[in-house]
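These notes concern the structure reproduced below.
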Amino acid sequence: MTVSAAGPGAAAQTCRVNLGVNADGQRAYMEVYEYDFVSEKPSFPGGDDKFMEFINAHRQYPARAYESGVQGRVTCSFVVNSDGAVSHLRVIKSVEDSLNEEALRILALMPAWTPGRLNGIAVPVRVIRSVPFRR
């Protein structure tokens, strides 16, 4: 992680998001701001309560995992881009493959967020959220 300036007198912590391998066979990265280091944090339309309502409305507990008693919280990271679009979804704390896939599926359905801002300028921000699975 690095500290990056975003205008006169402003500094915010950033991290690099892995974009995969480019056409030249080299790893490509995108630098984004960390959630806790922007002046205005990105937000789901309607706030955190609406975020949980969205997850609950779209979650389809994988049958085999449910029957086997598998449960837990899949923690994921994603980028809220400066236009509010969500991208670069990743599981950072796994529970079980089918639950991980379901968490990513749900998060991929999210509408655009209100972007994060640093000194009034919309910037890409890495967000970390968990998707709970309880029997």
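As the structure is a prediction and not an experimental result, all values here were calculated from the model.
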Exercise. Is there a donor-acceptor pair under 3.5 Å between the side chain of N22 and the backbone N or O of G25?
Worked result: yes

For this session: Could you check if a side-chain atom of V123 sits within less than 4.5 angstrom of a side-chain atom of S82, using non-hydrogen atoms only?
Result: no

Exercise. Taking C-beta and beyond as the side chain, do K93 and V74 meet within less than 4.5 Å on heavy atoms?
Worked result: no

Seminar exercise, completed: Correct closest heavy-atom pair for H58 and R105 would be O-NH2, 2.6 Å

For this session: Give the cluster check for L109 versus F78: same hydrophobic cluster or not, with ILVMFWY residues linked at side-chain heavy-atom distances below 4.5 Å.
Result: yes

Problem set entry | Aromatic ring pairing W113/F44, orientation class (parallel under 30°, perpendicular over 60°, tilted between) | perpendicular

Seminar exercise, completed: Taken to the nearest 0.5 Å, the spacing of R117 CZ from Y33 OH works out to 13.5 Å

Exercise. Looking at SG of C76 and CZ of R90, how far apart are the two atoms once the value is rounded to the nearest 0.5 Å?
Worked result: 11.0 Å

Seminar exercise, completed: Here the pair of heavy atoms bringing V95 nearest to G72 is CG2-C, 4.0 Å

Exercise. Is it true that a side-chain atom of D83 and a backbone atom of A85 form a donor plus acceptor pair closer than 3.5 Å?
Worked result: yes

Exercise. Are V80 and M52 connected, step by step, through hydrophobic side chains (Ile, Leu, Val, Met, Phe, Trp, Tyr) whose heavy atoms are closer than 4.5 Å?
Worked result: yes

Seminar exercise, completed: Heavy-atom closest pair (H88 atom, V17 atom, distance to 0.1 Å) is CB-CG1, 3.8 Å

Problem set entry | Closest approach of S77 to I92 (non-hydrogen atoms, all atoms of both residues) | OG-CG2, 3.8 Å

Exercise. Roughly how far apart are Q60 CD and S98 OG, rounded to 0.5 Å?
Worked result: 12.5 Å

Problem set entry | Distance (rounded to the nearest 0.5 Å) between R126 CZ and Q13 CD | 9.5 Å

Seminar exercise, completed: Separation between CZ (R129) and CD1 (I106), nearest 0.5 Å, reads 15.0 Å

Problem set entry | Y66 six-ring centre to R135 NZ/CZ under 6.0 Å and within 45° of normal | yes

Exercise. Do the non-hydrogen side-chain atoms of F54 and P45 ever get within less than 4.5 Å of each other?
Worked result: no

Problem set entry | Listed partners of S130 passing side-chain hydrogen bond (donor to acceptor under 3.5 Å, both in side chains), at least two apart | T75

Exercise. V21 and R27: which non-hydrogen atoms are nearest, and at how many Å?
Worked result: CG2-NH1, 3.8 Å

Exercise. To the nearest 0.5 Å, what is the distance between CD (E102) and CD1 (I55)?
Worked result: 10.5 Å

Exercise. Considering residues at least two apart in sequence or located in another chain, which fulfil the salt bridge (Lys or Arg N to Asp or Glu O under 4.0 Å) criterion with K50?
Worked result: E53

For this session: Output yes when a side-chain donor or acceptor of R59 lies under 3.5 Å from a complementary backbone atom of P132, and no otherwise.
Result: yes

Problem set entry | V125 vs P115 side-chain heavy atoms within contact, under 4.5 Å | no

